[in-house]
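Any value given below was found using the heavy atoms of this structure, including those in side chains, with hydrogens, waters and symmetry copies removed. All chains are named by letter (A, B, ...) in the order of the sequence lines, taking the proteins before the strands, and each is independently numbered beginning at 1.
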Amino acid sequence: MNLLDKFLILDRRWVFLLMALAIIIPLLLNITLPFTPDKAVEAIYNELETLEPGTRVLVSCDYDPGSKPELQPFAVALFYYLFTHELSPVITCLWPGAPPLVESALLEVTAMLALDGRAAPLNHIDYVNLGYKQGAQFVMLSMGSDMRGTFPLDYTGTPIDEIPVMDGIENLNSFDLFVEISAGSAGTKEWVQTVQGRYDLRLAAACTAVMAPDCIPYLQANQLFGLAGGMKGSADFEKLVYDGTDYIGQATIGMNAQSFGHLVIIIFIILGNIAFFATREKR
Amino acid sequence: MDFTFLQSPTIIQISGWIMAILTLLIFSFLYKDNPFYKFAEHLFVGVSAGYGVVIVYNNVIVPNLVTPVMNGRAYYLIFGVLGVMMLFKLSRKLHWISRWPLAYVVGAFAGIQIIAYGQSDLITQIRATIQPLWVAGDPVATLSNWLIVFGVLAGILYFFFSKKQTGALGVVTKIGIWFLMISFGASFGYTVMGRISLAIGRFQDLLEFPVISTIVLLIIIAVLVVHTIMTREPVAEE
């Protein structure tokens, strides 16, 4: 049995081990590879740059811990941008696992702002977390017509009428911008299908890599004005937001490991094909 | 709820231990199926189910049923009864009762989704494929539009089965298959990227607690070695 034959029956646990090393070593050694932000991510950043201070931005966090590595860095970078530019996020969640992640992201951003020497954002004044609501498309439709009726209380149980940042907010059209962070259904697809066209919303999305191919047609058709797909999308956004600061986001750090992981897969695919075709006649 | 207590050093250390133990127990499946992996898997299912029940009770049943009824809006009980009727799905004899609330859900959902889907995924998408095939001074846009228009037509023709796919039609449908294969490849590439991202996330969390993770890893390796030796089947003699 020659080397190629042995390669074809290689124990898959060696592949797992090599993949683990390809991920761990760049993380340990802080190996950095350059990357350029995607145009679809730049579109989100450029749109945020046009907003006046005090603008309220709807942020729907529809993900859970399973997709934290891909989407939490985007959420942290987005909140950091909003707070440093005096923009006010109004946060909703259609996934039950999302509210604790939102709180965690807000705590992380508060710590970053403290390092910058900035004041901590005030709940109900600078932002509000309206929490989780069950009902997916029904909630989206309800928000389109009556935001206050859909979320009568915020995450802390405070009545919506007592929350200053919600003054004048009646429905989805009350927001100048809507950023959706999504890990599946209900998420980007449902927001586009259910309310984007109906209420002519300026909608951008950050989604998991698995979802990105399904969302690209919406970008092509201008139903989304920007899209950040997977960890790469989050890293692109971090690069734009943290430019000129000392922060390096989690997704940016992860991208180096991502590149090495992809390299291992590419090498295995090439070697596997060489071994397969070279030994085909023998078999 | 105030979550600042989560930042206390003790809580962070405890969460580090729990995270490292459960992550590495799940990863132990990559070596082989074992009882420790099963323990972590069952724990995850149980915790998820428990969390789901609490969330649904507090976010659905209390605000949408209990509170309105307590405030005198008794007609909300109708929806509560419909919800209870759904549970009859579990009964072999009385499962037909669940069809009534199911019919209501299917009807309402179809009413919302058919129009929404038609608008967003059909009409708008068709409109987006109607592109100018010549963009003056921009050869890249011209090529891109040709690819979109031709790719859509070739892909759709592949699913036209009323004529044998031979001759010119056969050539176009073959190209349609290539377009489909490329889109499947792109989807697969994104999926691989997503899965590696998840692994990176776990490793990033583990590396935040390097000492704890190393201790847990060594213990799990030792336990797996012992378990493998103890459960090894004796080799039958020739």
Side-chain angles (χ1 to χ4, degrees), chain A residues 12-13 16 19-20 23-24 27-28 66-70 72 96-97 100 103-104 107 111 131-135 137-138 141 152-153 155-156 189-190 192-198 208-214 216-218 220-223 229-232 250-251 253-254 257-258 261-262 265, chain B residues 1-4 6-7 27 30-32 48 51-52 54-56 58-61 63-64 67 108-109 112-113 115-121 123-129 131 144 148 183-207 210:
Chain A
R12 61 189 183 145
R13 285 175 288 197
F16 298 150
M19 181 58 77
I23 290 172
I24 292 170
L27 289 177
L28 283 174
S67 40
K68 188 181 161 201
E70 291 182 90
Q72 187 78 345
E103 291 299 322
S104 165
L107 282 174
Y132 165 70
K133 196 81 183 174
Q134 165 84 20
Q137 284 96 327
F138 295 100
L141 275 177
L153 305 170
Y155 188 48
T156 58
K189 214 168 179 174
E190 286 73 19
V192 172
Q193 289 174 351
T194 312
V195 291
Q196 188 278 327
R198 190 177 301 219
T208 56
V210 174
M211 288 172 65
D214 287 342
I216 288 171
Y218 295 135
Q220 187 92 20
N222 290 324
Q223 290 162 291
M231 187 177 263
K232 170 71 167 67
Q250 282 293 91
I253 296 167
Q258 182 92 256
H262 287 185
I265 290 176
Chain B
M1 191 174 175
D2 185 15
F3 282 94
T4 45
L6 290 175
Q7 289 182 316
F27 277 179
L30 297 175
Y31 174 66
K32 69 173 197 173
S48 301
Y51 182 71
V54 173
I55 286 285
V56 168
N58 285 323
N59 289 279
V60 182
I61 295 179
N64 296 336
T67 309
F109 198 75
I112 290 171
Q113 275 304 94
I115 296 170
Y117 193 85
Q119 272 180 344
S120 68
D121 282 38
I123 295 170
T124 312
Q125 288 300 318
I126 289 172
R127 196 190 299 146
T129 58
Q131 301 280 352
S144 172
I148 287 172
S183 76
F184 296 149
S187 292
F188 178 70
Y190 266 112
T191 304
V192 168
M193 187 167 99
R195 300 301 176 237
I196 293 178
S197 300
L198 298 185
I200 291 168
R202 296 320 309 137
F203 284 121
Q204 280 179 327
D205 284 349
L206 287 172
L207 291 174

Which atoms of [X] come close to chain B, meaning under 4.5 Å heavy atom to heavy atom: side chain ones, backbone ones, both, or neither?
X	result
A/Lys189	side chain
A/Ala20	both
A/Gln137	side chain
A/Leu153	neither
A/Gln72	neither
A/Thr208	neither
A/Phe16	side chain

Just to verify, what does B/Tyr190 make a ring-ring contact (aromatic ring centres under 6.0 Å, His included) with, not counting sequence neighbours?
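B/Tyr190 satisfies ring-ring contact (aromatic ring centres under 6.0 Å, His included) with no other residue.
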By side chain to side chain donor-acceptor pair (under 3.5 Å) - contacts of A/Arg13 (at least two apart):
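A/Arg13 satisfies side chain to side chain donor-acceptor pair (under 3.5 Å) with A/Asp11 only.
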Heavy-atom contact with chain A under 4.5 Å, split by part of [X]:
X	result
B/Leu207	side chain
B/Arg127	neither
B/Leu206	neither

Taking every heavy-atom pair that is under 4.5 Å apart, which of [options] has the most such pairs with chain A?
options	value
B/Asp121, B/Val60, B/Ile55	B/Asp121
B/Lys32, B/Arg195, B/Gln125, B/Gln119	B/Gln125
B/Leu198, B/Thr129, B/Asp205, B/Val56	B/Leu198
B/Ile115, B/Asn58, B/Thr191, B/Ile112	B/Ile112
B/Gly118, B/Gly189, B/Gly194, B/Ser197	B/Ser197

Of all of A/Val195, A/Val192, A/Ile24, A/Asn222, which one pairs up most often with chain B through heavy atoms under 4.5 Å apart?
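With the most close heavy-atom pairs to chain B, the winner is A/Ile24.
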Find the one option among A/Gly197, A/Ala257, A/Pro217 whose heavy-atom pairs under 4.5 Å with chain B are most numerous.
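Greatest number of close heavy-atom pairs with chain B: A/Pro217.
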Could you pull out the closest heavy-atom pair between [X] and [Y], with the gap in Å?
X	Y	value
A/Ile265	B/Val192	CD1-CG1, 3.3 Å
B/Met193	A/Gly230	CE-CA, 4.4 Å
B/Ser120	A/Gln223	O-NE2, 2.9 Å
A/Thr194	B/Ala116	CA-CB, 4.1 Å

Find out whether A/Pro69 and B/Ile200 are in side-chain contact, i.e. whether some heavy atom of one side chain is under 4.5 Å from a heavy atom of the other.
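No, every pair of side-chain atoms sits at 4.5 Å or beyond.
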Any B/Asn64 side-chain heavy atom under 4.5 Å of A/Gln134 side chain:
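When only atoms from C-beta onward are counted, A/Gln134 and B/Asn64 do not touch, as no gap falls below 4.5 Å.
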Answer yes or no: does atom NZ of A/Lys232 have more than 12 heavy-atom neighbours from other residues, nucleotides or ligands under 6.0 Å?
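Yes, the 6.0 Å shell around NZ holds more than 12 heavy atoms from other groups.
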Judged by atom type as modelled, is there a donor-acceptor pair below 3.5 Å linking the side chain of B/Tyr51 to the main-chain atoms of A/Pro96?
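Yes, the answer is positive, given that a donor and an acceptor are paired below the 3.5 Å cut-off.
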Do any N or O atoms from the side chain of B/Gln204 and from the backbone of A/Gln250 form a donor-acceptor pair under 3.5 angstrom?
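At least one qualifying donor-acceptor pair exists.
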Gap between atom CG of B/Leu30 and atom CE of A/Met19 - 0.5 Å precision
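Output value for this atom pair is 11.5 Å.
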Apply side-chain contact (heavy atoms from CB on, under 4.5 Å) to residues B/Ile196 and A/Met231 and explain how you reach the verdict.
CA-CA 10 Å; B/Ile196 293 178; A/Met231 187 177 263; over 6 Å; no
